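Below: the structure, in structure tokens.
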Amino acid sequence: MSRNGTIQLILGLIVFLTVITFAYAGSDRLIMSMSAQRMDQEDLVYVQFLGPDGVALETLSLGQMIIRANNCSTGTILKIIDEYKIGYSPESMLVGIYLYPQAWKNKKLCFRIPELGMVERGLDPTTNKSRSFQLKFVP
């Protein structure tokens, strides 16, 4: 490889690494990494779920979850990608979901996993003093 080619490769890597630090890793459905600052900028909230036994739920269980806004039986069903994504907490790296503001602001949400239970709650970062919530399913 020529000297110019090597310099271009190195500059390309530097630009790539610089850009990637400002993005968050993930896909359409999954966020691998999210900083607290990015959560604030995008007005996101993170919710981790525990089963009735107190054990943290994993990705497979969260993929089966049905989330309704305002009413557990007839409320609007939230859509993954548009209103929430599965992801890892910025602090603990435990799996949960990130909700966009149009999904959580001024709404009571009903989270239900068939055969596991449900939990109903409004999510307000100002009263919680954090953008991270931990909810426990009840049968």
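What you are looking at is a predicted structure, and each value in this text was computed from that prediction instead of being measured. Because only heavy atoms are used, hydrogens play no part in the values below, and waters and symmetry mates are left out as well, while side chains stay in.
- Applying the side chain to side chain contact (heavy atoms under 4.5 Å, CB included) test to S130 and every residue at least two apart in sequence or in another chain returns N128, S132.
- Residue I66 shares its hydrophobic cluster (ILVMFWY side chains chained together at separations under 4.5 Å) with I77.
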N/O donor to acceptor pairs below 3.5 angstrom from side-chain atoms of residues 44-51, sequence neighbours left out:
residue, atom, partner, partner atom, Å
Y46, OH, L94, O, 2.5
Y46, OH, V95, O, 3.3
Y46, OH, G96, N, 3.3
Q48, OE1, Q134, NE2, 3.0

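- Partners of T127 according to the side-chain hydrogen bond (donor to acceptor under 3.5 Å, both in side chains) rule, which considers only residues two or more places apart in sequence or in another chain, do not exist here.
- Both V119 and L109 are part of a single hydrophobic cluster, where members link through side-chain heavy atoms under 4.5 Å apart.
- Pairs of residues two or more places apart, or lying in two chains, never qualify as salt bridge (Lys or Arg N to Asp or Glu O under 4.0 Å) while including a residue from residues 65-84.
- Using modelled atom types, no side-chain atom of Y88 and backbone atom of M34 make a donor-acceptor pair closer than 3.5 Å.
- Using a 4.5 Å cut-off between side-chain heavy atoms of Ile, Leu, Val, Met, Phe, Trp and Tyr, with links allowed through other members, L62 and I81 fall into the same hydrophobic cluster.
- For Q41, the side chain to side chain contact (heavy atoms under 4.5 Å, CB included) partners two or more places apart in sequence, or in a different chain, are R38.
- Taken to the nearest 0.5 Å, the CG atom of L116 stands 6.0 Å off from the CZ atom of F137.
- Listed by first then second residue, pairs satisfying disulfide (SG to SG under 2.5 Å) with a partner in residues 38-71 number zero, not counting sequence neighbours.
- To the nearest 0.5 Å, atom CD1 of residue I97 and atom CG of residue L135 are 8.5 Å apart.
- Annotation: side chain to side chain donor-acceptor pair (under 3.5 Å) contacts involving residues 101-116, sequence neighbours excluded, comprise D43-K105.
- Separating the CZ atom in R131 from the CG atom in D124 is a distance of 9.5 Å, to the nearest 0.5 Å.
- Residue A103 comes nearest to L99 through the heavy atom pair CB-CD2, 4.0 Å, listed as atom of the first residue, atom of the second, then distance.
- Residue pairs meeting the disulfide (SG to SG under 2.5 Å) criterion with at least one partner in residues 34-107, sequence neighbours excluded, are C72-C110.
- Residues A69 and L78 come closest through the heavy atom pair CB-CD2, 4.3 Å.
- Here the CD1-CD1 distance, from I80 to I86, works out to 4.0 Å after rounding to the nearest 0.5 Å.
- Taking 4.5 Å as the limit, every side-chain heavy atom of L57 sits out of range of all side-chain heavy atoms of M65.
- Checked against side-chain hydrogen bond (donor to acceptor under 3.5 Å, both in side chains), S61 has no partners two or more places apart in sequence or in another chain.
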